[in-house]
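These numbers come from the heavy atoms of this one structure, side chains and all, not from hydrogens, waters or symmetry mates. Nothing fancy with the numbering, it's 1 onward along the sequence.
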Amino acid sequence: MASEISSQTPGYLEFWSEYHLCTLTTMRSDGSPHVVPVGVTLDADAGIARVITRKSSKKVANIQASRPGEARVAVCQVAGGRWATLEGTAEVVTDAAAVDDAVAHYADRYGRRPVPDPERVVIEITIERAMGLVSHPRPVSTEGAA
C-alpha cells in the first residue's frame, strides 16, 4: 500500500536513496528465513521496492514456491544507528521493460549500471509495512563534566 511508505518522513525516504547494502529475507519451504545481501530501490509513490537478481537464485525460487500474492519478504538496511525495514509481498517479474526500468533505478542509487544479463529478473515487493529509525539524537558527551 503506497500510503504506508508515503506516510514516512522525508528523512526516511532519503535514507532509501543513499548508497547502502541491504538484506532481503525470503522464506524457505521449511519456514526458515533465507537472508542475502542485495541492492534495493524504492518507488515510494507506487509503494514498491525492487531487487534485481538472476532467475536461478534461491530467493527467486523461494518466492515462486509460495502461492501468488503470499510470498512474505522483508528488505532492511542499516547504517550506524540508522535502520529501515520494508515488509510486504513479493512477485518475480520477467517483463523486459520492467527489468530495464529496475536496472536504471539501481544504477541511479548505486552509481553503476550492471552488465546485461539475460537471466535477470526483478523482485517487486508491494510494501505493507515500513519501519525504522533514521534520525537519532547525538550522544551527550560527559567529558569536562564536574
Side-chain angles (χ1 to χ4, degrees), residues 1-29 31-141:
M1 64 181 52
S3 62
E4 176 67 22
I5 189 66
S6 62
S7 66
Q8 298 296 320
T9 66
Y12 186 90
L13 299 177
E14 182 179 320
F15 187 52
W16 281 102
S17 68
E18 297 171 7
Y19 186 107
H20 297 292
L21 187 61
C22 304
T23 59
L24 169 68
T25 303
T26 60
M27 302 309 288
R28 294 183 182 99
S29 60
S32 64
H34 174 72
V35 184
V36 294
V38 294
V40 175
T41 59
L42 173 64
D43 181 343
D45 292 335
I48 294 174
R50 293 183 179 91
V51 174
I52 57 175
T53 190
R54 303 194 86 218
K55 64 183 171 185
S56 59
S57 71
K58 179 64 177 166
K59 54 191 162 290
V60 166
N62 289 343
I63 291 166
Q64 291 177 329
S66 296
R67 285 185 237 155
E70 294 184 9
R72 304 286 308 158
V73 301
V75 289
C76 182
Q77 63 182 16
V78 177
R82 300 183 307 154
W83 66 275
T85 298
L86 304 172
E87 297 177 358
T89 54
E91 71 173 298
V92 178
V93 177
T94 60
D95 174 72
V99 172
D100 289 345
D101 184 58
V103 168
H105 282 89
Y106 177 94
D108 288 344
R109 181 173 188 194
Y110 292 99
R112 70 174 190 82
R113 187 170 192 88
V115 297
D117 183 350
E119 296 284 308
R120 184 165 290 128
V121 296
V122 180
I123 297 171
E124 286 194 352
I125 303 161
T126 301
I127 300 165
E128 296 170 3
R129 180 179 294 137
M131 64 192 111
L133 177 64
V134 297
S135 62
H136 49 77
R138 299 184 82 163
V140 177
S141 174

Worksheet item: If every non-hydrogen atom of Val121 is compared with every non-hydrogen atom of Arg54, which pair is closest and at what distance?
Response: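 Scanning both residues completely, I find the closest heavy atoms to be CG2-C, 4.1 Å.
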Worksheet item: If every non-hydrogen atom of Cys22 is compared with every non-hydrogen atom of Arg109, which pair is closest and at what distance?
Response: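 That would be SG-NH1, 4.0 Å.
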Fill in: Partners meeting ring-ring contact (aromatic ring centres under 6.0 Å, His included) with His20 (sequence neighbours left out)
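If we apply the ring-ring contact (aromatic ring centres under 6.0 Å, His included) test to His20, skipping adjacent residues, the hits are Phe15.
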Worksheet item: With sequence neighbours left out, which residue pairs that include part of residues 54-108 fulfil the ring pair (Phe, Tyr, Trp, His ring centres under 6.0 Å) condition?
Response: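 As it turns out, the ring pair (Phe, Tyr, Trp, His ring centres under 6.0 Å) pairs with a partner in residues 54-108, which skip direct neighbours, are Tyr106-Tyr110.
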Worksheet entry | Under the side chain to side chain contact (heavy atoms under 4.5 Å, CB included) test, residues paired with Asp100 that sit two or more places apart | none
Fill in: Those residues that, when tested against Ala130, pass side chain to side chain contact (heavy atoms under 4.5 Å, CB included) (two or more places apart)
Glu4, Ile5, Gln8, Tyr12, Leu86
Practice prompt. Verify whether one side chain among Lys55 and Thr94 offers a donor that lies under 3.5 Å from an acceptor in the other.
Written response: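 Their side chains do not contain a donor-acceptor pair, so the 3.5 Å distance test is not met.
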Fill in: Pair listing, salt bridge (Lys or Arg N to Asp or Glu O under 4.0 Å) test, anchored in residues 8-29, at least two apart
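Found Glu18-Arg82.
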Item to complete: Take Val60 and Ile123 through the side chain to side chain contact (heavy atoms under 4.5 Å, CB included) test and state the conclusion after the steps.
Response: CA-CA 8 Å; Val60 166; Ile123 297 171; 4.3 Å; yes
Worksheet item: Where do Ile127 and Leu42 land on the side chain to side chain contact (heavy atoms under 4.5 Å, CB included) test, with the steps shown first?
Response: CA-CA 10 Å; Ile127 300 165; Leu42 173 64; 3.5 Å; yes
Discussion item. With rounding to the nearest 0.5 angstrom, report the OG to CD1 distance, Ser57 to Ile52.
Written reply: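 Rounded to the nearest 0.5 Å, the OG-CD1 separation comes to 11.5 Å.
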With a 3.5 Å cut-off and sequence neighbours excluded, list the donor-acceptor pairs that the side chains of residues 61-71 form with protein atoms.
{"unit_1": "Asn62", "atom_1": "OD1", "unit_2": "Lys58", "atom_2": "NZ", "d": "3.3"}
{"unit_1": "Asn62", "atom_1": "ND2", "unit_2": "Thr26", "atom_2": "OG1", "d": "2.8"}

